[in-house]
Amino acid sequence: MTNQTITSVSRESRLFKPSAEFKAQANLGSEAAYKKLYAESVNSPERFWERQAKQFLTWRKPFTQVLQWKPPHAKWFGGGTLNVAENCLDRHLGTARENKAAIIFEGEPGDIRTLTYKQLHREVCKCANALELLGLRKGDRAAIYMPMVPEAAVAMLACARLGVVHTVIFGGFSSEAIKDRINDCGARVVITADGGWRRGKIVELKDSVDRALGATPSVEHVVVLKRTGNAVTMKEGRDLWWDDLMAAAPAVHKARAHASEQPLFILYTSGSTGKPKGVLHTSAGYLLGAAMTTHYVFDIKETDIYWCTADIGWITGHSYVVYGPLSVGATVLMYEGAPNQPEPDRFWEIIDRHGVTVFYTAPTAIRAFMRWGDEFVTRHSLASLRLLGSVGEPINPEAWMWYHKMIGKKRCPIVDTWWQTETGAIMVTPLPGITPTKPGSCTRPFFGVVPKILDENGKPVSRGSGGKLFLTQPWPSMLRTLWGDDARFKEQYWSEVPGLYFAGDGARFDEDGYLWVVGRIDDVLNVSGHRIGTAEVESALVSHPSVAEAAAVGRPDELKGQALVCFVTLKGDQRASDELKEALRAHVAREIGAIARPDSLRFAAALPKTRSGKIMRRILKEIAAGGDVKGDITTLEDFNVVASLQAEE
Ligand code: WTA
């Protein structure tokens, strides 16, 4: 969080109001109604959430207690039971939605498939039966490591139907990352595919799973979907083909009711220290957050074709490809591959081909489109679009303006949505029919959300000044704990200022009370919208036999938001070379996944440390950014280290 960012954003004074046409048709088009609802949501939260939970969810048994809040542990909708998969599927059957497209899928090679709500329901029932036949029971864990194909959503919903806790592992993660996640949650089954298509090549998913499974004693079965048709090794007794299981499974499945707090999924995300954190979300509260935000923020109508470009391996894919849109009965577009395959206009071609109306993507993608050139956009009409969204990192005003003009043709409101894996659903966002937007600001809190910005000492800062972002009220879709590590949950989120949720972001309110999120203030980087813990990268580097010590820091990067820069000292007998540099970058990609491959790696004779031996990352950050080392270096143990690091540039 540098001062420069803060002053440059505060110069932004352009204001974009939703058009009268948009306002007139919006799910919420009145500022007065918003104000009233917001006031109720923070002043009488239990009354507010009770009504929303009844409106948005279908219950088997009504809840008797809205909230039990024993900070930092919340239980929502106690006494109630429901089934998340039923809320996403069964309740649309027998209505006009039954034969509506639930998922329109386009594969990277160009194959297109549509699943109506009825068809998707059938697939999920079969899958639930198949998983049950494999012995999976309520409360068990299953890992899903799949490409962006409808079967990924089918697998998630089948787990939800059974009360089996899924953990989706992003298809770009390596076998090491798969192994760690499976072992952390003790998954009994892994659902994967032979491969997925990415930039014309096959990502060999089953292969990565095989490499992980040597050291995962909990796994009994691997279910393998045939997607790409590449040869895979099937281990007798353990590995089963998806198609065989589905063919044998009955298409009728009677869903059981689950308690509101039944764990729904674990999603691993990077933290500032140690291994990834298993963020735990439960059923009713999570689904309510996802459903309500989909309704209000994406303004979903029966006729919309809604496309969120996130992979299901991330929280955005959970909440806004699967649970949110399906629970409100939307038509979801799903695309398997890369945005520049075969050419950099693939997204725009898809929008025109399917008539996409609501489009939700990430700033890093928008910056890539800007770089690829306007001619790829102007080849297409994009006339079907009516609403745009952004998520994952702060969107720079230039990218916002380009998105507004080139993609939205100045006609579509942009919702810049701030939230996190931990929050489960969008927390701070414009409401498209109401909120005048400012390029770069996520604007105002959603219902029930009370953000506060506090300084180092936990004191409120004045308007316009930066500080740490906290949320002061519990909300239904909040994480419940970190899987198997409640101590870390308390330490990480609730200890900075006791009783308040610490988001780990730096932010400020402007003179209109609009929120500007500047970025992470802990040791978590945001590379292309993906959270990467510097500690994970460092431990990956140190696991290489040549490396003695490593420090990973971020450097501002035009395209990726942040680039990953690593400083490495070698063991005594090792010599620095370009080959070793490449080997180390590849090693990190192998250990974590290609998204964590260092953009630049520098060998150093020593790392700057304090007298107590702590690596001074602040100094490395300044060196990585190519600037002078400013600020206090009196705690530095050896001044020469900095000079030699700068000289090596
Ligand atoms: C950042 C993604 C500014 C932020 C949903 C947060 C944002 C982290 C925005 C969470 C936004 C996300 N403006 N920053 N609109 N959206 N972030 O868990 O730093 O992958 O803490 O969840 O992304 O990343 P996560």
Side-chain angles (χ1 to χ4, degrees), residues 25 27 52-61 81-106 111-132 148-163 242 246-247 249-258 264 283-284 287-288 290-296 298-308 312 317-335 353-358 384 386:
Q25 62 78 58
N27 287 348
Q52 302 301 327
K54 287 178 178 162
Q55 183 190 328
F56 280 94
L57 304 180
T58 300
W59 296 86
R60 286 277 192 96
K61 192 161 120 226
T81 65
L82 81 177
N83 186 294
V84 167
E86 248 176 24
N87 269 273
C88 292
L89 301 167
D90 304 52
R91 66 163 162 171
H92 306 312
L93 307 183
T95 77
R97 285 182 188 146
E98 180 170 280
N99 294 320
K100 162 181 178 172
I103 298 177
I104 300 174
F105 167 72
E106 182 166 322
D111 48 324
I112 291 170
R113 234 189 330 153
T114 298
L115 283 151
T116 65
Y117 271 96
K118 199 173 178 179
Q119 290 167 330
L120 182 61
H121 174 257
R122 203 182 134 86
E123 294 300 296
V124 169
C125 286
K126 283 203 280 183
C127 187
N129 280 319
L131 295 178
E132 228 164 23
M148 274 296 281
V149 293
E151 286 77 6
V154 169
M156 290 165 78
L157 290 162
C159 288
R161 197 168 184 92
L162 297 173
W242 169 282
M246 293 290 275
V252 179
H253 181 267
K254 202 163 172 291
R256 284 168 61 187
H258 303 299
L264 180 64
S283 297
L287 190 64
L288 177 60
M292 233 179 120
T293 47
T294 304
H295 174 79
Y296 284 115
F298 298 119
D299 195 52
I300 292 296
K301 304 289 191 300
E302 284 305 337
T303 47
D304 277 314
I305 308 272
Y306 159 89
W307 183 18
C308 163
I312 44 138
H318 284 60
S319 302
Y320 299 111
V321 176
V322 180
Y323 292 111
L326 295 179
S327 66
V328 303
T331 295
V332 176
L333 189 122
M334 206 179 194
Y335 168 60
R353 176 160 38 245
H354 301 283
V356 171
T357 55
V358 179
S384 56
R386 65 179 195 93

Chemist: More than 12 heavy atoms of other residues, nucleotides or ligands under 6.0 Å from NZ of K100: is that the case?
Modeler: yes
Chemist: Restricting to non-hydrogen atoms, name the atom on L326 and the atom on A330 that form the minimum distance, rounded to 0.1 Å.
Modeler: CD2-O, 4.4 Å
Chemist: Apply ring pair (Phe, Tyr, Trp, His ring centres under 6.0 Å) to H121 and list each qualifying residue two or more places apart in sequence or on a separate chain.
Modeler: none
Chemist: Is it the case that the side chain of T357 and the backbone of S384 share a donor-acceptor pair, with hydrogens and angles ignored and the cut-off at 3.5 Å?
Modeler: no
Chemist: Could you tell me if the side chain of L264 sits less than 4.5 Å from the side chain of Y323, heavy atoms only?
Modeler: yes
Chemist: Let me know which of R353, M148, M334 forms a side-chain contact (heavy atoms from CB on, under 4.5 Å) with E106.
Modeler: R353
Chemist: With the side chain counted from C-beta on, respond yes when I104 and W307 share a heavy-atom pair under 4.5 Å apart, and no when they do not.
Modeler: no
Chemist: Is the shortest distance from a Lys or Arg side-chain nitrogen in R113 or E151 to a carboxylate oxygen in the other one below 4.0 Å?
Modeler: yes
Chemist: Do N27 and F298 come close enough that some side-chain heavy atom pair is under 4.5 Å?
Modeler: no
Chemist: Mind checking whether L89 and L120 have side chains closer than 4.5 Å, heavy atoms only?
Modeler: yes
Chemist: Output yes when a side-chain donor or acceptor of Y306 lies under 3.5 Å from a complementary backbone atom of Y320, and no otherwise.
Modeler: yes
Chemist: Kindly compute the distance separating CG (D90) from OH (Y117), expressed to the nearest 0.5 Å.
Modeler: 12.0 Å
Chemist: Please confirm whether the backbone N or O of A101 pairs with a side-chain atom of T331, one donor and one acceptor, at under 3.5 Å?
Modeler: yes
Chemist: Spell out, as yes or no, whether a donor-acceptor pair under 3.5 Å connects the side chain of R161 to the backbone of L157.
Modeler: no
Chemist: Side-chain donor-acceptor contacts of residues 122-131 below 3.5 Å, not counting sequence neighbours, with atom names and distances?
Modeler:
unit_1 : atom_1 : unit_2 : atom_2 : d
N129   : ND2    : C125   : O      : 3.2
N129   : ND2    : P250   : O      : 2.8
N129   : ND2    : V252   : O      : 2.9

Chemist: Is any side-chain heavy atom of Q25 less than 4.5 Å from a side-chain heavy atom of D299?
Modeler: yes
Chemist: Checking side chain to side chain donor-acceptor pair (under 3.5 Å) against H92, which of E98, E86, R97 comes through?
Modeler: R97
Chemist: Is a side-chain N or O of H258 found less than 3.5 angstrom from the main chain of T81, in a donor-acceptor match?
Modeler: no
Chemist: How far does CZ of R60 sit from CG of N87, to the nearest 0.5 angstrom?
Modeler: 10.0 Å
Chemist: Is there side-chain contact between Q55 and M292, with heavy atoms separated by less than 4.5 Å?
Modeler: no
Chemist: In Å, rounded to the nearest 0.5 Å, how long is the span from CG of L57 to CG of N83?
Modeler: 12.0 Å
